[in-house]
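Here the structure is laid out as structure tokens; the discussion comes afterwards.
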Amino acid sequence: MKYTTTLNYCMAFMICCFTSCKKDVKITETMVVPEEEPKQIEFLPFTEIDLNDLSSFKPTTNNWQIVGNAVADRVKGRTLTFSEGTGILINTGDKDANGHIFSSFEHGDIEIELDVMMPVKSNSGLYFQGRYEVQLFDSWGVKEPQYSDIGGIYQRWDGTRGQGKEGFEGKAPKTNAAKAPGLWQHFKIIFHAPKFDESGNKIKNAWFEEVWLNGVLIQSNVEVSGPTQAAAFEDEKPRGAFMIQGDHGPVAIKNIKYKMYEDKKFSFSNIVNKEFEGNYQALINMDSLKMVSEKNVDNIDISELALSNSRKIVSYSGTMEVPTAGDYLFGMGLNGGGVLLINNDTIFNMNEDYGYAFQQRFAELTLEKGSVPFVLIYNKKFPWRGELELKVEGPQIQSYSLLEPIVDTRPRRPQPERILIEPKEDIIAQRTFIMHKDIKKVFSISVGSPIGIHYAFDLSRGSLLMAWDGQFLDATPMWDSRGESQLVEPNQFHVASHGGFEFAYLESDDSNWPKMDDDIGFKQLGYEFNQEGIPMFLSQINGTTVTNTFKPSSQRKIGRQIVVNADKTIWHKLAEGESIEALPNNTYIVNDESYYVEVSGSNKLKPFIRNVNGLDELVVKIPSGKQTINYSIIW
């Protein structure tokens, strides 16, 4: 067996206590602390499509090529330039050679991830089994997306339905998560093929379980009764090739990876459920446990315990039937404590004092097909919280829960209406706590504009945190009841800046940028509103004063003007990332898939890219005196 997070505890006492028929056995736990816990993995690996050449695809027309770099013109429509190399699949948009491209593999149920770049107003599509399309389109700036926008499930077409009724079943994305043309955008899609009986009759339609675009869930559980418009095939089958449309415009695609799934699951038998009453903070000395019930059950169902206010330890022991031999990944999450043993090996031992926080662990192991014993123990320490998750993923098995779903039929108090902050006529500046890269920023201010472009600024560092469009703020987690998380939630689709100090005195061009906790003499001086009602953020770094002003645009674009009055040479960091590339017209692309920085041509000071400690930084060197810098962030 192989594990990614197995703790080497001596668990014989567990097996004896929960599986033995002897009630008088006294066993005390002995614990061995591992020297080092290996890094966890949270999902099994995907199969990656090799983009060194076109051998992973069926023969096609010359519009499809493998290249090393691709750049879409940000102004000129349907224009894609590229250079030699490998790693990127492109459709050149050739009008004469414009065939589709099909994968060499055929799939049924599949989970696929890929990155796509759309030139201005270009159009393409991802066809599952060559039949069911997720639309690709340059939908940047679209306020109310349709099925024909990026991430839409394209409509079906039937000319016999009558004029004006030919198109049907198209499904628009829930929100427009499209980035600006030329930026890499990430898709994650889970598709389920139609199902057929032994006679070949369809018994279940195809459906898209999830479509994620740029980290936003834009489609869920969308059923498709047949091939969508412009599909390569009119019939339906259990399996088919993955297709990318080639006759509507240029497109670039990279990082294609997938998992194919079959309808396989674990089964359980001979399950014995035991309950132990009491208030136990840890399972160290088992002598004092008092068993209050023992019964045979058909499945692992903790609903009654989870919904009660009691504190108990429960165990489930029995046999699990492994559907096929191979590598499996188990995930366990809980409030309280718990243990999982499979085939007499300890997979999880989560009995430390974690407080109230929900804890999650993952473990990878190799199992043979057939029956293996298991023991699951859950220590519900907190009467008002009973959360337990146990999931598994395996060879051709999509991740799913091994526990019965909890159905809560109790009367519940009405959920509060969402407390939404929306700027109607004027710009709003709201002091907030907000999450930025897993850090709670407690000195931030969120600024919303009526045109729908918003941002958050960190007063303690004098730095931009993030920008977003659409809904301004959901203040429910901060203002409802006790405000448990004390956080506001911006719109789910946003672009995040580095969030550290943006100005620093450096000794040389390659000096390290100060860290967030360094003392650089920074002092925030508050903010004031100019004549347009726009806040200006004032700060000081020793003898240098800085004024930051942000002006939202009508699309996903926010302009920034910085006025610096420096006592000596100081540096400003515009952006940071794994990669920053200079494009024409004073534009820089950050991390390929993140955002653009467009520097005003009127700036006397020109930024440049430097690499320090493995990260690219876009910086500008500012001499003493009063200087003005203008640039825009576009996403």
Side-chain angles (χ1 to χ4, degrees), residues 44 46-47 49 56-58 100 102-112 125-134 153-158 160-161 168-171 189-211 219-244 258-271 298-300 318-329 367-372 391-405:
L44 292 177
F46 287 75
T47 298
I49 292 183
S56 296
F57 302 91
K58 297 178 181 179
H100 310 317
F102 294 82
S103 66
S104 57
F105 66 83
E106 293 195 343
H107 70 86
D109 296 350
I110 190 172
E111 178 178 353
I112 192 166
L126 306 174
Y127 284 78
F128 290 77
Q129 298 187 312
R131 293 168 172 84
Y132 316 96
E133 181 186 13
V134 174
I153 308 300
Y154 211 80
Q155 69 175 5
R156 298 193 62 205
W157 187 267
D158 183 356
T160 66
R161 290 167 59 92
F168 62 103
E169 277 192 12
K171 182 70 172 180
I189 302 170
I190 302 176
F191 167 82
H192 294 273
K195 300 298 184 288
F196 301 85
D197 63 19
E198 295 180 356
S199 300
N201 300 310
K202 187 172 72 167
I203 57 176
K204 189 174 184 180
N205 286 328
W207 58 291
F208 289 91
E209 180 180 341
E210 294 178 349
V211 178
Q219 303 277 11
S220 60
N221 298 324
V222 179
E223 188 173 336
V224 187
S225 64
T228 57
Q229 188 175 359
F233 311 100
E234 294 298 324
D235 62 348
E236 294 186 280
K237 292 187 176 181
R239 305 183 73 85
F242 179 70
M243 181 190 105
I244 306 171
Y258 65 90
K259 297 178 187 178
M260 288 194 280
Y261 298 129
E262 300 291 343
D263 190 15
K264 299 178 182 179
K265 290 191 174 182
F266 282 67
S267 60
F268 295 91
S269 60
N270 304 319
I271 304 177
D298 296 327
N299 46 45
I300 306 174
T319 302
M320 62 168 54
E321 193 73 24
V322 181
T324 186
D327 293 338
Y328 287 85
L329 183 71
L367 294 173
E368 297 298 326
K369 181 179 179 180
S371 300
V372 294
K391 294 184 176 182
V392 66
E393 177 187 358
Q396 297 186 318
I397 299 175
Q398 184 180 351
S399 177
Y400 77 101
S401 176
L402 293 171
L403 309 181
E404 289 296 300

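In this chain, residues are counted from 1 in sequence order.
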May I ask you to say whether Lys264 pairs ionically with Glu321, meaning some side-chain N is under 4.0 Å from a carboxylate O? no
Should the heavy atoms of other residues, nucleotides or ligands under 6.0 Å from [atom1] of [X] be counted, would the total exceed 12?
X: Asn299; atom1: CG; answer: yes
X: Glu368; atom1: CD; answer: no
X: Lys171; atom1: NZ; answer: no
X: Asp197; atom1: CG; answer: yes

I would like to know whether Tyr400 and Tyr261 meet ring-ring contact (aromatic ring centres under 6.0 Å, His included); could you show each step before the answer? CA-CA 12 Å; Tyr400 77 101; Tyr261 298 129; over 10 Å; no
Identified side-chain hydrogen bond (donor to acceptor under 3.5 Å, both in side chains) counterpart of Asp109 within the set Gln396, Lys195, Gln398: Lys195
Measure the shortest side-chain to side-chain distance between [X] and [Y] over non-hydrogen atoms and say whether it is less than 4.5 angstrom.
X: Gln129; Y: Pro194; value: yes
X: Ile244; Y: Leu126; value: yes
X: Ser371; Y: Met320; value: no
X: Lys237; Y: Arg131; value: yes
X: Phe128; Y: Val224; value: no

Could you walk me through whether Lys204 and Glu236 pass the salt bridge (Lys or Arg N to Asp or Glu O under 4.0 Å) test, one step at a time? CA-CA 11 Å; Lys204 189 174 184 180; Glu236 294 186 280; over 6 Å; no
What about Phe242 and Tyr127, are their ring centers closer than 6.0 Å? no
